[in-house]
Engineer: 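Once you've had a glance at the structure underneath, I'll fire off some questions.
Order of the sequence lines sets the chain letters (A, B, ...), proteins ahead of strands, with each chain counted from 1. Side-chain atoms are counted along with the backbone in the values below, which use heavy atoms only and exclude waters and symmetry mates.
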2 protein chains.
Amino acid sequence: MSTAPTPLPEPHQVSINLGERSYAIQIGAGLLDVALDRCNLPPSSDALVVTNTTVAPLYAQKLIQAIGKNHERIHTVQLPDGEVHKNWETLNLIFDALLQNGCDRKTVIYALGGGVVGDMSGFAAASYMRGVPFVQVPTTLLAQVDSSVGGKTAINHPLGKNMIGAFYQPQLVVCDLSTLSTLPAREVSAGLAEVIKYGPIADMAFFDWIEANIGRLLARDPGALVHAVKRSCEIKAEVVGQDEREGGVRAILNFGHTFGHAIEAGLGFGQWLHGEAVGCGMVMAATLSQRLGLVEEAFVARLTRLVERAGLPIRGPALGAQRYLDLMRVDKKAEAGEIKFVVIDRPGHAVVRGAPDDLVVSVLDDCCDQPLSN
Amino acid sequence: MSTAPTPLPEPHQVSINLGERSYAIQIGAGLLDVALDRCNLPPSSDALVVTNTTVAPLYAQKLIQAIGKNHERIHTVQLPDGEVHKNWETLNLIFDALLQNGCDRKTVIYALGGGVVGDMSGFAAASYMRGVPFVQVPTTLLAQVDSSVGGKTAINHPLGKNMIGAFYQPQLVVCDLSTLSTLPAREVSAGLAEVIKYGPIADMAFFDWIEANIGRLLARDPGALVHAVKRSCEIKAEVVGQDEREGGVRAILNFGHTFGHAIEAGLGFGQWLHGEAVGCGMVMAATLSQRLGLVEEAFVARLTRLVERAGLPIRGPALGAQRYLDLMRVDKKAEAGEIKFVVIDRPGHAVVRGAPDDLVVSVLDDCCDQPLSN
């Protein structure tokens with residue numbers, strides 16, 4: 001006895017409005033189980049699926065089937081997994097695959113994986129023949145709520161994270177929530193850091209909702225995930241729509257990232273996950289906001305508690321305050337050597353500003369483990 | 001007895017109209033001898049002058065003095081000279097200099113040199129922190145009439161020329177014709193290839209003028225150079241204004257380049273100068289146009305004669321027809337393996353189209369030296 005397959009519900013959609021660079025984010029469980037015809041995929045003879053050695057065995061065949069009708073030839077390149085590989089050498093594997101397969105300037109690049117795959121595929125798409133179409137298929141929570149909106153692409157340089165890149169928008173983003181079922185718990189937590197972020201900077205009602213649903217989110221309840229991904233993308237889309245190239249307000253999306261990037265760079269990229277560093281960085285940035293007289297201690301405590309419940313670190317590693325300062329001075333937001341911080345000036349609203357070094361040091365002293373004295 | 005210095009004449013100016021990415025090209029002799037204040041240079045704490053080991057001793061100090069009032073710190077990086085160095089390793093010298101000097105996202109990058117310095121500096125400016133301001137100071141005729149308009153930046157990949165890059169517009173271009181006095185004669189000829197190009201594709205009156213003034217141009221007569229550079233920039237600006245990202249008409253600027261790129265790649269980048277390959281490539285593309293029944297033999301002969309008078313090669317090297325075809329198939333204009341040629345459909349007008357392989361082979365047989373048979 002055969003049963004007819006249950007039709008999949010229509011995916012949720014978030015529209016990113018950027019004039020001629022507008023595109024849609026499709027969100028739903030099982031989106032890769034059916035042909036992606038309805039998504040207005042750009043047709044082309046050639047496609048290149050960029051993925052990594054972890055994701056490829058899980059989802060590459062599924063994606064290739066889903067896009068099979070759109071292309072005559074679908075090539076694949078597997079990158080090594082991890083932030084430590086987000087460099088020129090790995091990027092060049094993508095260019096090698098494109099050129100060795102004779103891919104032309106209409107070739108569509110699909111990024112199947114997390115933020116590292118997305119960042120590198122996006123920069124490759126921006127740069128190959130000065131720009132080819134690009135589709136994101138993020139398979140981590142972090143990539144679904146963060147890298148899928150905004151068009152930031154980059155690789156790391158030994159002297160700084162994301163220092164070389166481009167603003168480049170995809171044609172389409174497909175967030176299949178089913179891919180999160182295979183994600184390690186540590187990476188679910190890392191993704192939740194960016195979800196939590198949208199509360200303090202933009203929407204305290206969403207923050208309330210996350211607090212009430214953190215258990216469901218950690219358990220990967222599909223209904224909770226749909227809401228978290230959709231609302232995160234909506235908030236980010238609204239901010240990016242106002243300021244695509246980060247001339248001003250867009251910088252608030254970096255809440256927790258100035259401290260976080262210092263943690264990542266100071267420990268060596270890949271030691272802490274990006275989301276872990278951002279989670280801890282948010283606690284530090286909120287503490288700085290409080291010391292600047294902008295928010296109450298109770299707000300800092302509430303944010304710290306939620307970060308902790310999400311399974312994220314709330315104390316910075318023992319790099320030493322001076323090393324933190326040095327690392328933060330090469331942050332892209334820094335101007336003429338002055339570090340710029342995203343601070344919360346009232347719950348649900350953020351601004352970018354400088355802060356006296358001694359105040360920053362006091363925050364680092366209180367929020368970080370201390371180096372052993374010799 | 002002292003004499004008052006002769007005031008410099010106001011520079012000629014060509015405006016490039018690209019909406020919010022518009023900018024001006026200043027053209028004149030001696031522009032670097034005075035402060036560039038009047039050029040609306042973007043102010044910033046830091047500037048990086050990118051140049052090469054040949055140009056630096058001649059003009060770096062002059063440029064640094066001219067821009068001295070606009071920046072607190074002016075750093076310099078010298079790249080090795082030549083197309084063979086237009087690769088990632090050399091590009092990375094620019095990123096190293098930017099990061100080692102703590103340059104922020106307002107840092108202005110000045111490209112002082114020829115097309116290779118301009119292409120690499122432009123791509124570095126497009127990519128550093130996802131985009132910093134960029135000023136071009138082209139010191140070769142080729143760069144002044146070609147790379148200074150249009151925003152194409154790129155590096156080479158072992159499998160293809162200009163395969164990795166970006167469309168990125170400068171804030172300003174300063175063409176000091178005095179810098180051409182130190183240019184080797186071979187490079188003046190190479191620059192004239194791109195000047196001549198604008199005739200067949202867009203303006204036969206300009207072609208007439210070049211024919212009548214080729215001697216003055218080869219002798220670097222300032223009055224003739226001003227007209228040649230200005231008119232070339234105007235024509236290119238008009239084409240680029242219609243099609244910034246080369247979706248259509250812009251491709252006509254590649255007249256002679258499909259064959260030319262094959263020559264450069266086939267011999268190894270740097271053996272022939274780009275302009276030499278383009279000069280010879282125009283003869284081949286005009287011959288193809290004639291065999292397609294689009295123009296008369298007399299037109300091909302006239303163009304060939306002018307290319308020769310400019311001191312450029314008019315016969316292709318002996319790569320063998322099949323190798324030419326293979327190399328042209330990886331050209332960026334190729335689509336699904338079909339080579340696209342820019343052909344002249346009437347003198348002063350060009351179109352992009354395919355051509356039967358056997359016709360292309362007949363052109364290659366007649367226009368190129370033949371490989372020795374074994």
Engineer: Just so I understand: if I count every heavy-atom pair under 4.5 Å between each of B:Lys152, B:Arg329, B:Arg73 and chain A, which residue has the most?
Structural biologist: B:Lys152
Engineer: Atom CD1 in B:Ile94, atom CD1 in A:Ile164: separation rounded to 0.5 Å?
Structural biologist: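 So the gap between those two atoms works out to 10.5 Å.
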Engineer: Which bit of A:Ile155 comes within less than 4.5 Å of chain B, counting heavy atoms only: side chain, backbone, both or neither?
Structural biologist: side chain
Engineer: Which one wins on heavy-atom pair count under 4.5 Å against chain B: A:Gly102, A:Ser127, A:Ser45, A:Gly131?
Structural biologist: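 Answer, by heavy-atom pair count under 4.5 Å with chain B: A:Ser127.
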Engineer: Please verify the inter-ring angle class for A:Phe123 with B:Phe123; under 30° counts as parallel, over 60° as perpendicular, anything in between as tilted.
Structural biologist: parallel
Engineer: To the nearest 0.5 Å, tell me how far B:Arg130 CZ sits from A:Tyr168 OH.
Structural biologist: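 Here the interatomic distance stands at 15.5 Å.
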Engineer: Given a strict heavy-atom distance threshold of 4.5 Å, which part of A:Thr153 is in contact with chain B: side chain, backbone, both, or neither?
Structural biologist: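 Backbone only.
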Engineer: Given a strict heavy-atom distance threshold of 4.5 Å, which part of A:Glu72 is in contact with chain B: side chain, backbone, both, or neither?
Structural biologist: neither
Engineer: Give a yes or no on whether B:Lys106 atom NZ has more than 12 heavy-atom contacts from other residues, nucleotides or ligands under 6.0 Å away.
Structural biologist: no
Engineer: Nearest 0.5 Å, what's the CE-NE2 distance between B:Met129 and A:His157?
Structural biologist: 11.0 Å
